Amino acid sequence: MRVVIAGAGSVGRSIARELLVSDHEVTLIDRQPTSMRVAQVPEADWLLADACELSTLTEAKVDECDVIVAATGDDKANLVISLLAKTEFGVPRTVARVNNPKNEWMFDESWGVDVAVSTPRIMTAMVEEAVAVGDLVKIFTFHQSGADILEITLPEHSPLTGLRVGEVTWPEDTVLATIVRGAQPIAPSPDDTLEVGDELLIVTGRDAPQAELHALLVGAPAPTSPTAPVPTAGSPSPVAPSPATPPTS
């Protein structure tokens with residue numbers, strides 16, 4: 001692919017190095033001369049200019065790129081870059097960095113953002129994933145499609161333990177993408193058996209019944225937490241047990 005990265009700070013340079021290792025063509029843009037650390041990523045093309053300017057994006061041949069990454073430390077700039085790339089140059093894929101979680105709601109298709117990457121959100125999800133066996137944790141949301149990547153570590157009481165993948169009836173718009181067992185990722189086949197402690201990565205559509213998925217995985221109602229999915233509107237609410245009637249004498 002041909003990738004243009006706006007923002008040549010530590011984040012932008014790290015992304016560029018990873019992409020270059022995979023033989024992609026990368027152009028780095030930054031308006032700050034102090035960010036022009038060409039020697040650190042010599043295989044990339046470099047451009048000292050403001051990526052919020054149409055003339056800069058034209059010079060960088062953004063119309064010929066497959067992906068643009070808005071990775072500056074300024075949320076306003078990342079939104080402008082994404083919008084210009086999508087509306088003026090028709091870039092197929094835009095990825096934008098969210099620096100302030102309070103601004104995350106703006107990073108959607110109306111601003112030309114296909115994928116928004118919020119480091120605080122990802123770190124929160126990783127913390128919950130590390131400590132919450134049996135909790136269904138939302139790792140990532142694709143803003144354009146509304147699809148989610150969810151993670152769960154199967155607890156001992158999971159009704160799926162010991163079943164083959166092919167024996168599981170998954171909810172609508174739900175796909176098991178990967179099983180991670182120990183340090184080994186496994187592409188699931190119908191004959192793979194699910195085990196206690198397996199980490200499952202699951203992709204669900206925008207309207208997938210996540211409460212039903214949680215019940216399938218752990219045999220209990222879904223928990224309510226900032227990053228764990230909650231029952232959708234119209235789902236039956238848990239009913240509190242009635243207090244026991246004292247025995248009559």
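Only heavy atoms go into these numbers, but all of them, side chains included; no hydrogens, no water, no symmetry mates. Index from 1, following the sequence. Here the structure is a predicted model, which means the values were calculated and not measured.
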For residues [X] and [Y], determine if any side-chain heavy atom of one lies less than 4.5 Å from a side-chain heavy atom of the other.
X: Glu195; Y: Thr161; result: no
X: Val115; Y: Arg93; result: yes
X: Ile152; Y: Val218; result: yes
X: Leu213; Y: Leu150; result: yes
X: Pro92; Y: Val67; result: no
X: Ile179; Y: Leu194; result: yes
X: Leu160; Y: Leu217; result: yes
X: Asp191; Y: Val165; result: no

In terms of hydrophobic clusters joined by side-chain contacts under 4.5 Å, are [X] and [Y] together?
X: Val91; Y: Leu83; answer: no
X: Val180; Y: Val168; answer: no
X: Phe89; Y: Val80; answer: yes
X: Val62; Y: Val3; answer: no

Q. Residues in salt bridge (charged side-chain N to carboxylate O under 4.0 Å, His left out) with Glu167, at least two apart?
A.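 Expected list: Arg164.
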Q: Tell me, please, which residues at least two apart from Lys61 pass salt bridge (charged side-chain N to carboxylate O under 4.0 Å, His left out).
A: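 Here no residue qualifies.
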At their closest point, which heavy atom of [X] faces which heavy atom of [Y], and how far apart are they?
X: Arg97; Y: Asn78; answer: O-ND2, 2.9 Å
X: Ala77; Y: Thr72; answer: CB-OG1, 3.8 Å
X: Val98; Y: Asn100; answer: CG1-O, 3.4 Å
X: Ala177; Y: Pro188; answer: O-CD, 3.3 Å

Q. side-chain hydrogen bond (donor to acceptor under 3.5 Å, both in side chains): which pairs involve residues 169-180, sequence neighbours left out?
A.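 Listed by first then second residue: nothing to list.
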Which donor-acceptor pairs under 3.5 Å do the side chains of residues 24-31 make with protein atoms, sequence neighbours left out?
{"unit_1": "His24", "atom_1": "ND1", "unit_2": "Met1", "atom_2": "N", "d": "2.9"}
{"unit_1": "Glu25", "atom_1": "OE2", "unit_2": "Arg2", "atom_2": "NE", "d": "3.4"}
{"unit_1": "Asp30", "atom_1": "OD1", "unit_2": "Gln32", "atom_2": "N", "d": "2.9"}
{"unit_1": "Asp30", "atom_1": "OD2", "unit_2": "Ala8", "atom_2": "N", "d": "2.7"}

Measure the [atom1]-[atom2] distance between [X] and [Y] for me, rounded to the nearest 0.5 Å.
X: Asp63; Y: Leu57; atom1: CG; atom2: CG; value: 10.0 Å
X: Ile186; Y: Leu201; atom1: CD1; atom2: CG; value: 11.5 Å
X: Phe107; Y: Ser82; atom1: CZ; atom2: OG; value: 7.0 Å
X: Thr153; Y: Glu199; atom1: OG1; atom2: CD; value: 5.0 Å
X: Leu84; Y: Thr94; atom1: CG; atom2: OG1; value: 11.5 Å
X: Ile81; Y: Trp111; atom1: CD1; atom2: CH2; value: 12.0 Å

Mind listing the side-chain donor-acceptor pairs of residues 34-51 below 3.5 Å, one per line with the distance, residues two or more places apart or on another chain?
{"unit_1": "Gln40", "atom_1": "OE1", "unit_2": "Arg13", "atom_2": "NE", "d": "2.9"}
{"unit_1": "Trp46", "atom_1": "NE1", "unit_2": "Val41", "atom_2": "O", "d": "3.1"}
{"unit_1": "Asp50", "atom_1": "OD1", "unit_2": "Cys52", "atom_2": "N", "d": "3.0"}

What pairs with [X] under side-chain hydrogen bond (donor to acceptor under 3.5 Å, both in side chains), at least two apart in sequence or on another chain?
X: Ser189; answer: Asp192
X: Asp23; answer: none
X: Thr204; answer: Gln210
X: Asp198; answer: Arg181

Q. Is Val175 isolated, or which residues cluster with it under the ILVMFWY side-chain rule of less than 4.5 Å, directly or via members?
A.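 Other cluster members: none.
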Q: Can you run down the salt bridge (charged side-chain N to carboxylate O under 4.0 Å, His left out) pairs that involve residues 68-77, sequence neighbours left out, and say none if there aren't any?
A: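 Found Asp74-Lys76.
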Donor-acceptor pair, [X] side chain versus [Y] backbone, under 3.5 Å?
X: Thr58; Y: Leu54; result: yes
X: His157; Y: Gly219; result: no
X: Lys86; Y: Ser110; result: no

Q: List the steps and the verdict of side chain to side chain contact (heavy atoms under 4.5 Å, CB included) for Asp148 and Val203.
A: CA-CA 6 Å; Asp148 293 321; Val203 181; over 6 Å; no
